[in-house]
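Reviewing the structure listed below.
For clarity, every value in this text was computed on a predicted model and none was experimentally measured. Both ligands and their constituent atoms are indexed starting at 1 by order of listing. Just the heavy atoms: all of them, side chains too, but no hydrogens, waters or symmetry mates, feed the values below.
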Amino acid sequence: MIIIITGTPATGKTRISNELAKALDRKTGKKFKVLHINTEILRRGLWSSVDKKRKSKNVDMRKLNKFVSEQVKDNQDLIIESHLAHYFKGDVVFVLRANIGELRKRMENRGWNGGKIEENLEAERLNVILGEALDIHGKKCIEIDTYRKTPKSVARTMFRHVERLR
Ligand SMILES: Nc1ncnc2c1ncn2[C@@H]1O[C@H](COP(=O)(O)OP(=O)(O)OP(=O)(O)O)[C@@H](O)[C@H]1O
Ligand SMILES: [Mg+2]
């Protein structure tokens, strides 16, 4: 099974994906590999240029597609997490949502500049990732509100959805 976890930056994808993998292991004995796409992009140089204004990398989607295809071939059970994860095939697509004030605090803690913060908060307000995910995956999408929930409790909710699909 391939589980996709997407959402605006800082909504908790990385933390929650690790919690979900732990819950799946504990409750079903299945070991899901977690593919942290953003980490892999940097580690494997899957980018083509640097965006100076945003202080980020422009992803080389051809290289990234190739890398993800190889992982899918090698792993039966996979969690793919990133704000780009919904560009890949999956059996279920979780779109994490978070409170705007909370997101702003997390982005400030990361030392992001004002422009980058506002751009990302605007994307969350306008449901950009949810809209993209719905266009690509339709009914496979499940929107998950993380407001005032711990990563563990969000992972438990996601686990219950996954159980229904198995
Ligand atoms: N449910 C939560 N409650 C409180 N804090 C959280 C929650 N989820 C994540 N956090 C905290 O918010 C910050 C961002 O989380 P995380 O790095 O998992 O987000 P992300 O969606 O993976 O971001 P990015 O897209 O930039 O990789 C971290 O400091 C994390 O510990
Ligand atoms: Mg992350």
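- For Glu163, the CD atom is densely surrounded, since the number of other residues' heavy atoms within 6.0 Å is greater than 12.
- Of all protein atoms, those of element N, O or S that lie under 2.8 Å from the Mg ion (ligand 2) number 1.
- Within 6.0 Å of NZ in Lys27 there are more than 12 heavy atoms belonging to other residues, nucleotides or ligands.
- Remark: Met158 CE to Leu24 CG distance equals 9.5 Å, nearest 0.5 Å.
- Taking 4.5 Å as the limit, some side-chain heavy atom of Ile5 sits within range of a side-chain heavy atom of Leu20.
- The shortest side-chain heavy-atom distance between Leu103 and Glu124 falls under the 4.5 Å cut-off.
- With hydrogens and angles left out, the side-chain atoms of Thr8 and Asn120 include no donor and acceptor closer than 3.5 Å.
- Listed by chain and number, the hydrophobic cluster partners of Tyr147 come to none, as no ILVMFWY side chain reaches under 4.5 Å of it.
- Around ligand 1, the residues contributing at least one heavy atom under 4.0 Å from the ligand are Pro9, Ala10, Thr11, Gly12, Lys13, Thr14, Arg15, Asn38, Arg106, Arg110, Lys149, Thr150, Pro151.
- Scored by the salt bridge (Lys or Arg N to Asp or Glu O under 4.0 Å) test, Asp25 finds Lys31 as partners (sequence neighbours excluded).
- Between the side chains of Asn58 and Ser48, no donor-acceptor pair is found at a separation under 3.5 Å.
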